[in-house]
Every structure is written in C-alpha cells, then in structure tokens.
2 protein chains.
Amino acid sequence: MPQARTPQTRAPEERAYHHGDLRRALLDAAVALIAERGTAAISLRDLARRAGVSHAAPAHHFKDKSGLFTAIAAEGHRLLAASIEAEAVPASKELLEMGVRYVRFALAHPAHFEVMFQPGLLRRDDPDLRAAQAQTGELLRSGLPLGTPVPDAESSALAAWSLAHGFATLCLSGNVSRFIGERDPADAFRDIVRASP
Amino acid sequence: MPQARTPQTRAPEERAYHHGDLRRALLDAAVALIAERGTAAISLRDLARRAGVSHAAPAHHFKDKSGLFTAIAAEGHRLLAASIEAEAVPASKELLEMGVRYVRFALAHPAHFEVMFQPGLLRRDDPDLRAAQAQTGELLRSGLPLGTPVPDAESSALAAWSLAHGFATLCLSGNVSRFIGERDPADAFRDIVRASP
DNA sequence: CTCGAATCTTGTCGTTGACAAGTTCGGTTT
DNA sequence: AAACCGAACTTGTCAACGACAAGATTCGAG
C-alpha cells in the first residue's frame, strides 16, 4: 500500500504544486545569498528559481522586495533577543556579556545583521518588525544594572551599544581582521572593552 | 563682439554636446540621492536624466555602477582624512577629538559614509580607493599617543574607532535620536565616551 | 461534497545595467 | 590652416528584473 505523499516526502524533481514551506525556503536562500554577496545581489526572481517555483510566487509571501527584507530584519531581531536571553550572567558583568553576545550574533548571522540596520530597505511601519524591534530594545535596556550609581545610565547603555555595534560592523566590513588576525572576535572584543578609555 | 561661450556660460537649456563636468555632476546627484533614499534607489539612467545627458554617458566616467560607488567611497575617505587633519589638538585629547571628528564627518556626509562601509558595492581592488583608504588608515593610527603606556595601543585605537563608528552608524540608522533627542550628536558623543566602561 | 481562500502559474509592461557602434567635439601636431 | 586622434557623448539593443493582473490548482472548513 503506497504511503500518502506529503510535500516533504516527495522527491525534489517531481515538485508539488504547493511547495510545502516556500516562505522559509525563500528566507533561507536570501539569507545565504546576502551573506555571500550582499543585499544588492538579491533578486526575487533568482530566489524563486532556486526554490524551483515561478517568478511571481515570492510576491504571495512577501508582497515585494522590501517585504522580504523586512521579514529578514524581524527574524534577526528575534534571533538577537534569543541570543541575549539565552542564559543569565552575574549582574556585575551584564553589560560586557551582553556586548559579547551582540558581537557573536552579528558574526553568526551577518545577513540578518546587515539588513536590520539598513532602514532604506525596510518597511519601518511593519507591525511584525516593530514588535520584534521593541522586544530587543526592551532587552537591551534590561541589561542596565537597575540602581546603577552612574550619573547617566542611558549614556552607559548607549556607549556599550555603540562599542559592540561598531566593533561588529567593522568586523563585517573587513576592517578589523588586520588588527586581530585569526583570534576569536568575541575574545578580541573583551580586550577592546578593557582598553576602552 | 559676442563672448566665446564656454560650457559654463551656456544657458542650461541649450546644452553643449560636452557637459563640462559630468563626472562631478553625477557624483553630486548620486550623493544627494543616496542621502535621501539610500544606495538601493540609485540608478545610472536616473542620474543621467538628472544631468541632462544620455543613458549611456555615465559609463564613460565610471564604467559601471560599482565604479560610481567606488569613486564615492574614495572621495569619502579623502573627505574624512581632510576633516581629521583640519587642525591640531592637544595630545592628551587626541583620541577623543578624533572620534568627535569621525562622528561629525559621518553625519555631515551620510551618503559617503554609508557607501564607504558597504564592501559589497565596491571594487575593493581599485587603486584610487586603496590609496584613499591607506591615507585614512595612516591618519587613524597617527592619533595614537606615540609612547603610550597602555599595554596594547592597538586595542585602544580599535576601541576608539569602534565606539565612534558604532555611534555614527546608530545615528544614521535612526537608533539614537530616542536617546539624545535634539542635542548635537557630537556633544552627545563626548558624554558617551565619558560614560564608557 | 461544495465552495471559498490560500498558493502558485503564466503573461505582460515599464525600467534598468551593460554592451556595441556611431557621432561630435577639443586639442595637438604638422 | 588643415588633418587627425582620442575623449566625451550619442543612439540602439538585449537580457534581467520588479511589479501587477488574471487564471489554474490545491487545501481545508463546513
């Protein structure tokens, strides 16, 4: 008795009319391509070809190109929030450890990170994106020691964020390797923080 | 006796076959457009239309799109070097002051800054770009107090660069205004440095 | 079983980047 | 002054893309 064929059990070459999870396939292909060749090299038709669907299929999941980028950015914010939330750390090292995780996230998910901070590609009013942004914003704020003696706690937070963000950005644009060589960037980041003025 | 008409004295509507300084006109239009709508909104044909020339004219000055972006990035590096070199500062505040100028440059020339750090858009092997990059690299290194007692001088430099770069990037992507409101970002940056761990 | 909605298809239009080949101009040589 | 050469700019063309419209297929709720 032949097993009923779900989309998942079909051989790749005999594609079903319905893909199964086209949205995810497109997102994954886009992320891989962005990491390799940058956002400028992305074309919806190319992604459709790679997924084995027609050139207009992506529009049904993302409406248009900015919809695709917006979805990636929102996913990036959720991934970042998950990375930071992962495990608790001693309160004294909270800011440093959050920076380390921020850097790790950026290097582990360069495509997401790149898209997240290119507002020109995004639909800034997208509700899903706004929710995801709010989630990470909340989390970054929570890293501040609550009754901190620092005169301006917000300045500290912004300083830490700037440092981590700048380091991550410079890493991804290839401007740091000449300083740190083959070392683990996250370790290098700890040194950086220690050496910061 | 009618004055000989150079391209500069012609009325705009009776365009000469030769533009006069098409290269500069294209660069200026591109920079303005990038600052307004981002690099993704740039099209060589649109720039040609705005300059009043045919759709293939830009190729003669920049070869292709990446050539245009590469020229903008190189110009950005030269502008940055000029901003930093402008005037001498007390050696004790050199690193801080360099950071302030870095931030000021990024906010004054957002389009150049954006292009400079998007390697996917550039011809990394372009000799003019490489020369301009080397010039700023040299200058950033020169900001380090020479006989500094700090164990790792390079870490200090990278820390300062990361802080300034991150702050500038976050400003340009609209993630800082909620912290600093209407204040001058350069002033805010001084506070940030003071509050950094 | 029926029917509506979600998913995917084919078809089309205007725009773009890139290339090829021809035209006009400016300056330099003769 | 005439001839010439290279630079600057032109028109023409092609494949690829984004976006939209309209039709086909499938899924699932009732």
Side-chain angles (χ1 to χ4, degrees), chain A residues 4-10 12-27 29-30 33-34 37-72 115 120-123, chain B residues 3-10 12-30 33-34 37-72 115 118 120-123 126:
Chain A
R5 306 201 106 180
T6 69
Q8 284 75 17
T9 61
R10 276 181 207 275
E13 63 270 17
E14 44 158 335
R15 271 201 46 262
Y17 191 89
H18 285 68
H19 177 283
D21 198 351
L22 179 57
R23 184 184 158 91
R24 180 101 304 266
L26 292 170
L27 284 173
L33 246 174
I34 293 171
R37 302 187 205 173
T39 56
I42 292 297
S43 110
L44 292 178
R45 289 173 106 105
D46 182 41
L47 295 178
R49 271 191 299 273
R50 289 167 191 258
V53 296
S54 80
H55 63 85
H60 254 271
H61 293 275
F62 302 110
K63 167 70 178 173
D64 60 12
K65 215 173 173 178
S66 66
L68 170 68
F69 285 131
T70 301
I72 293 177
V115 172
L121 300 178
L122 309 176
R123 297 189 166 274
Chain B
Q3 185 187 12
R5 307 200 103 181
T6 69
Q8 285 73 18
T9 61
R10 276 181 208 275
E13 63 272 16
E14 44 158 334
R15 272 201 45 262
Y17 191 90
H18 285 67
H19 177 282
D21 198 352
L22 179 58
R23 183 185 159 91
R24 180 101 305 267
L26 291 171
L27 284 173
D28 290 344
L33 247 174
I34 293 171
R37 303 188 204 171
T39 56
I42 292 297
S43 113
L44 291 178
R45 290 173 105 105
D46 182 40
L47 295 177
R49 272 191 297 272
R50 289 167 191 260
V53 296
S54 81
H55 62 85
H60 250 272
H61 294 274
F62 303 111
K63 169 70 178 172
D64 60 12
K65 214 172 175 181
S66 65
L68 171 67
F69 286 130
T70 300
I72 293 177
V115 172
Q118 243 174 326
L121 301 178
L122 309 176
R123 295 191 164 275
D126 179 84

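The structure displayed is predicted, hence computed values, not measured ones. Within every chain, numbering begins at 1; the chains are lettered A, B, ... in the order of the sequence lines, protein sequences first and strands thereafter.
- Sorted by first then second residue, the salt bridge (Lys or Arg N to Asp or Glu O under 4.0 Å) pairs that include residues 52-68 of chain B, not counting sequence neighbours, are D64(B)-R123(B).
- Shown here are the side-chain contact (heavy atoms from CB on, under 4.5 Å) partners of A57(B), two or more places apart in sequence or in another chain: L22(B), V53(B), S54(B).
- Residues forming a salt bridge (Lys or Arg N to Asp or Glu O under 4.0 Å) with R49(A) (at least two apart in sequence, or on another chain): D46(A).
- In terms of phosphate contacts, S43(A) brings no side-chain nitrogen or oxygen within less than 4.0 Å of OP1 or OP2 of dA16(D).
- When the P atom of dT10(C) is taken as reference, atom CZ of R45(A) falls 12 Å away, rounded to whole Å.
- Closest to the D46(A) side chain, of the nucleotides dT10(C), dC17(D), dT10(D), is dC17(D).
- Whole-Å rounding puts the D21(A) CG to dT26(D) C1' distance at 16 Å.
- Note on R49(B): a side-chain N or O is less than 4.0 Å away from OP1 or OP2 of dT16(C).
- Residue contacts shown for L47(B) are absent, as no nucleic acid heavy atom lies under 4.0 Å away.
- Note on I42(A): only backbone sugar-phosphate atoms sit closer than 4.0 angstrom, heavy atoms only; bases stay farther off.
- When all heavy atoms of L122(A) and F69(A) are compared, the pair lying nearest together is CD2-O, 3.5 Å.
- A distance of 8.5 Å separates CG in L121(B) from CD1 in I34(B), rounded to the nearest 0.5 Å.
- Within 4.0 Å (heavy atoms only), R23(A) reaches no atom of the nucleic acid at all.
- If A56(A) and H55(B) are placed on DNA chain C by their nearest nucleotide, the residue sitting closer to the 5' end is A56(A).
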Requested in this report: Would you check, one step at a time, whether the test side chain to side chain contact (heavy atoms under 4.5 Å, CB included) holds for L68(A) with L27(A)?
Outcome: CA-CA 8 Å; L68(A) 170 68; L27(A) 284 173; 3.9 Å; yes

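- A heavy atom closer than 4.0 Å to some atom of DNA chain D occurs in H60(B), H61(B), these being the qualifying members of residues 58-66 of chain B.
- Taking R24(A) as the reference, D28(A), E75(A) meet the side-chain hydrogen bond (donor to acceptor under 3.5 Å, both in side chains) condition, with sequence neighbours excluded.
- Atom CG of L26(A) and atom C1' of dT7(C) are 12 Å apart (whole Å).
- Between L44(A) atom CG and dC17(D) atom C1' there is a gap of 9 Å when expressed in whole angstrom units.
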